[in-house]
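For the numbers below, each heavy atom of this structure counts, side chains included, while hydrogens, waters and symmetry mates do not. Keep in mind the model is a prediction, meaning the values are calculated, not measured. Indexing begins at 1, ligand by ligand and atom by atom, following the structure's order.
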Amino acid sequence: MQVHNKIDNLKTDISNYKSANKKIGFVPTMGALHEGHLSLIKVAKENAEIVVVSVFVNPTQFNDPNDYKKYPRNFSKDTEILKNAGAHIVFMPFEEEIYPGKDTRQFDFGALERVMEGKHRPGHFNGVAQVVSRLFDIVEPDVAVFGEKDFQQLTIIRKMVKDYNYPTKILGAPIVRETDGLAMSSRNQRLTSEQRKNAAFINQILAASKNKTHQLSVEQVENWVTESLNKIDHLKVEYFQIVDQETLQPINNWQENCDKIGCIAVYCGEIRLIDNIKYSL
Ligand code: PAF
């Protein structure tokens, strides 16, 4: 496995594989790797011959400077994990490589970015698009894999690829959960043991809400999930919204002809966690 900090070295390495007609799969990450990331690498390996993983805590996507400062970083452990996972190339760029100057690009994802994460974390998706487009320009992957835990991010990346004609195929990988149902996240390691125990209710209540769709309206299910979680120590729901999986716009009733997903952001103490659940009716 090759580890690069510099774009030039990375590009030389990748172009050697490209000249040999190898398909390049790409998994962008912010490090603090866990089994969720390993599942993305597995999907990349199934769909490409060479897997490139980037590890870069992207400052432009954090609307909360404290969250950026406290985001877990463990580059040597990540390198070990990636070696064991069979990644071929790791890109751990210095910040100046990604942002040689201030990135002033403004992306417009329309209604997709005006709801949920986009509404509650102003500028977040612009920062995600800045770094992902930059990484795509450098790596030029044939396929790239993103987790479905960040469902809105996945949708926005698909739109970016379409709008800007990237030749990259985007694949989504299902959420990987701990045994008690908590969606795996690098932020989980910042929870105290009591917070960690209670965080498992997020998925448990979401799963239980799937059985409520026959007796309760969409709004009543949203309220039931929110109120049930807010009763639990340490948990405070920021939003829970049931939306059309494609447009991400709120739905008003279960009869609407679209695939439906409930997306949630919950503060567990000061740690912000997200999750989602698909409703099949
Ligand atoms: O999902 C993430 O970890 C990040 O948003 C990404 C896609 C690596 C961009 O920094």
Distances for all N or O pairs of ligand 1 and the protein under 3.5 Å?
{"from": "ligand 1", "atom 1": "1 (O)", "to": "Q153", "atom 2": "NE2", "distance (Å)": "2.9"}
{"from": "ligand 1", "atom 1": "5 (O)", "to": "Q61", "atom 2": "NE2", "distance (Å)": "2.9"}
{"from": "ligand 1", "atom 1": "5 (O)", "to": "Q153", "atom 2": "OE1", "distance (Å)": "2.7"}
{"from": "ligand 1", "atom 1": "10 (O)", "to": "Q61", "atom 2": "OE1", "distance (Å)": "2.6"}

Would you please say whether a donor-acceptor pair under 3.5 Å links the side chains of N58 and Y71? no

Side-chain heavy atoms of D13 within contact of H88, under 4.5 Å: no

Set of salt bridge (Lys or Arg N to Asp or Glu O under 4.0 Å) partners for K236, sequence neighbours left out: none

Return the set of residues passing salt bridge (Lys or Arg N to Asp or Glu O under 4.0 Å) with K45 (not counting sequence neighbours), or none when no residue passes. none

G36 and S39: which non-hydrogen atoms are nearest, and at how many Å? O-OG, 2.7 Å

Residues two or more places apart in sequence or in another chain: which of them pass salt bridge (Lys or Arg N to Asp or Glu O under 4.0 Å) with K210? none

